Novice: 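First, the structure itself, so that you have it in front of you.
Note that the structure is predicted; figures quoted are calculated from it, not measured. Letters A, B, ... mirror the listed sequences (proteins, then strands); counts begin at 1. What's counted below: heavy atoms across the whole structure, side chains too, no hydrogens, waters or symmetry copies.
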There are 2 protein chains.
Amino acid sequence: MKLDVFCLGILLQQNYSGYEIHRVINTALAHLRQASFGALYPALNRLQAKGFISSEAVPAEISNGSLGKKVFAITDKGRAHFKTEIKKITAAEMVNSDFLSALHFSNNLTSNEVSTLIDERLADLQKEQRRLLKLPSTDISEGQRFAIRYTLSQVSAAISFLKGEGKAIQLLIQRQR
Amino acid sequence: MKLDVFCLGILLQQNYSGYEIHRVINTALAHLRQASFGALYPALNRLQAKGFISSEAVPAEISNGSLGKKVFAITDKGRAHFKTEIKKITAAEMVNSDFLSALHFSNNLTSNEVSTLIDERLADLQKEQRRLLKLPSTDISEGQRFAIRYTLSQVSAAISFLKGEGKAIQLLIQRQR
DNA sequence: TTAGGCATGTAAGGCGTTACATGATTAA
DNA sequence: TTAATCATGTAACGCCTTACATGCCTAA
């Protein structure tokens, strides 16, 4: 799902500034995708150029403590565009795992390095689990709840696996050399 | 993990042509990453230019039924490079899920479209599960076995979830409108 | 004879990251 | 006063995909 379309989806629920969208994506929606400022601001400007969103400058006095904030709102044209774009989406899921690649080639690592990788992954997973558990479960749609639960089940399975077989592999890899 | 380094890792075990590496990655190693020809061939040429791999042309008579095949072998320099590169790898894992993004925004989909997405994802997962189960479990390293088992546990968890909660959500989303 | 696998490669373009550039406000 | 947060943006570059270009061999 392109960042442009994803932003439209976010603006469908509420008006946001670019900075706020960045925060929403990288905190509340981190299980769906990530987005850097360098990708986000040009995306929003493209959307505005196409008439899918409109912006309103909010001066410093009104927005508490910030300056030159630009709040975006989705237009009718944007709403229509989003509805046609989301229908094109397939059920694809792309995993790019440096973790697994490293383990696949772990012959070239010391058992210490393997242990560190597993511990690191475990820590990341537990952090993600805490984040997901803290998310609100009310006032969100069934689909949003579903995405959170699905990710939680994936994260939980990964944690269980690493706590079980992950600990065992360190010894096996050690013995192999 | 960059494709260049990944290819070195593959050539560490055995000599391959570009075409063969493409097949290995997209079938046996599909749980780690993907690679298109457009990315692969330039990567191999870069590696050769840097002296990390060497190539030998195999004429049509020897290679059964193919023509102008170019078989690559890793050099000592390449082996050294791989060992330093793999140590730099972190336990990062990036999931980019169109499936979850679509479900997050499923307010804008009909219950039929949601059902189709879930069924599609389920079919993909089951296909991936069959692929993983068919992979050899002997004659591979502990690390390789680990990567397969880890992915299998993730795939199994996703299938269980979709078969359970996935079926339930279709009714809930229907009721919501 | 035609579809599919084997085989190598280029070109254009998409989509993103990191780093840079700037500057105000606020809390420790 | 210094670090953090708020706030917007550009430039360079990385890494990949899709589509194109070519051609041979094999089995249905």
Novice: Using OP1 and OP2 only, check whether a side-chain N or O of K70(B) sits under 4.0 Å from dG9(C).
Specialist: yes
Novice: Any salt bridge linking D124(B) with K127(B)? Criterion: basic side-chain nitrogen under 4.0 Å from a carboxylate oxygen.
Specialist: no
Novice: What are the residues of residues 79-97 of chain A, sorted by number, that bring a heavy atom to within less than 4.0 Å of DNA chain C?
Specialist: none
Novice: R46(B) has an atom CZ; how far is it from atom P of dC15(D), in whole Å?
Specialist: 8 Å
Novice: In this structure, how many angstroms lie between the P atom of dG16(C) and the CG atom of L44(A), rounded?
Specialist: 12 Å
Novice: Show the numbers, then the answer: is there a side chain to side chain contact (heavy atoms under 4.5 Å, CB included) between L47(B) and F72(B)?
Specialist: CA-CA 10 Å; L47(B) 286 170; F72(B) 294 100; over 6 Å; no
Novice: From the list dG9(C), dT17(D), dT18(C), which nucleotide is the closest neighbour of the side chain of Y41(B)?
Specialist: dG9(C)
Novice: Tell me the closest heavy-atom pair linking N107(B) and S141(A), and the distance in Å.
Specialist: OD1-CB, 3.4 Å
Novice: With a 4.0 Å heavy-atom cut-off, tell me which residues in residues 3-35 of chain B come close to DNA chain D, sorted by residue number.
Specialist: L3(B), R33(B)
Novice: Hey, is CD on Q126(B) packed in by over 12 heavy atoms from elsewhere, all under 6.0 Å?
Specialist: yes
Novice: Could you check F37(A) against V71(B) and say which one's nearest nucleotide on DNA chain C is further toward the 5' end?
Specialist: V71(B)
Novice: Given atom CG of N45(B) and atom P of dT8(C), what is their separation to the nearest angstrom?
Specialist: 10 Å
Novice: Got more than 12 heavy atoms from elsewhere within 6.0 Å of CD, E56(A)?
Specialist: no
Novice: Quick check for you: among dA7(C), dT18(C), dG9(C), whose closest atom lies nearest to any side-chain atom of K69(B)?
Specialist: dA7(C)
Novice: Report yes if the side chains of L135(B) and I140(B) come closer than 4.5 Å at any heavy-atom pair, otherwise no.
Specialist: no
Novice: Are K2(A) and D98(B) ion-paired here, with the side-chain N under 4.0 Å from a carboxylate O?
Specialist: no
Novice: Can you confirm whether more than 12 heavy atoms, excluding those of K87(A), are under 6.0 Å from its NZ atom?
Specialist: yes
